[in-house]
Structures are given as C-alpha cells and as structure tokens.
Amino acid sequence: MGLAAPAVSAADAAFERLQSRLPPGLDDKVLASWNGLAIRAFAQAGFILDDAGYTDRARRAADNLAAKARKNRDNAAEIGSQIEELYRE
C-alpha cells in the first residue's frame with residue numbers, strides 16, 4: 001500500500017510530460033481502394049438482388065469518395081487528381 005502514492009505521482013508526471021510533446025501528424029487520407037471494394041459490393045448486391053437500397057448506398061458512397069478524393073488537405077482542388085484510381089480493378 002505504501003507504493004500507491006509514488007506510482008500515482010509518477011503516472012501524473014509522465015502524463016504531464018506527454019501533454020507537453022508535439023502530437024504525431026494526422027493521417028487523413030481516404031483509402032480509395034478499400035472504399036471502392038465496398039462500393040462495388042453494394043452496387044453488385046443491388047443489381048443481383050434488385051434492391052435499390054444497395055445501389056443508392058453505393059452511389060452515395062461513390063459521390064462522397066469522389067468529392068473527397070478531388071480535394072487536398074487545404075480543401076483546394078487537386079490538379080491532376082486521379083479519380084480513375086478509385087475504380088481500378
């Protein structure tokens with residue numbers, strides 16, 4: 001029981017030191033290939049099952065992905081953005 005106070009003190013000191021450090025960079029890239037696989041699966045399911053809910057979900061996801069893929073981190077249009085990579089097989 002005598003070790004609890006020093007352990008809490010050490011944890012507090014470590015947490016304070018951690019808070020003073022620069023946080024790591026944020027990886028905010030969109031993984032187009034994984035999203036493309038999901039979009040394709042929804043589109044195929046909608047076609048095979050004749051269910052508009054799946055195809056609508058695929059369309060909305062593709063629109064969202066295309067909108068994000070054409071922007072850079074500063075929300076500016078990316079020149080030479082390769083939207084076809086989203087649908088590469």
Side-chain angles (χ1 to χ4, degrees):
M1 293 218 169
L3 297 178
V8 170
S9 176
D12 288 341
F15 183 73
E16 282 188 37
R17 180 161 181 173
L18 179 65
Q19 294 299 323
S20 69
R21 296 173 75 184
L22 183 65
L26 177 65
D27 184 7
D28 59 356
K29 293 185 294 290
V30 175
L31 296 176
S33 59
W34 286 100
N35 287 300
L37 288 172
I39 290 166
R40 182 178 180 180
F42 279 124
Q44 286 179 332
F47 178 77
I48 292 168
L49 300 173
D50 194 25
D51 186 338
Y54 286 120
T55 52
D56 182 53
R57 191 169 297 148
R59 187 177 298 110
R60 286 183 298 154
D63 290 344
N64 185 24
L65 184 58
K68 289 183 179 186
R70 291 185 176 138
K71 307 268 183 170
N72 63 19
R73 287 190 177 105
D74 298 323
N75 206 30
E78 189 81 24
I79 296 176
S81 177
Q82 307 232 344
I83 195 71
E84 66 270 7
E85 288 184 5
L86 296 174
Y87 307 106
R88 186 173 11 143
E89 299 230 357

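- The minimum heavy-atom distance between Ala58 and Ile39, with the atom names listed, is CB-O, 3.5 Å.
- We find the CD-CG distance between Gln44 and Leu49 to be 11.0 Å, quoted to the nearest 0.5 Å.
- Rounding to the nearest 0.5 Å gives a distance of 15.0 Å between CG of Asn35 and CZ of Arg40.
- Taking 4.5 Å as the limit, some side-chain heavy atom of Trp34 sits within range of a side-chain heavy atom of Leu37.
- Ion pairing of Asp63 with Arg59 is absent here, as no side-chain N (NZ or NE/NH1/NH2) approaches a carboxylate O to less than 4.0 Å.
- At most 12 non-hydrogen atoms from other residues, nucleotides or ligands lie less than 6.0 angstrom from CG of Asp50.
- Closest of all the heavy-atom pairs between Tyr54 and Phe42 is CB-O, 3.3 Å.
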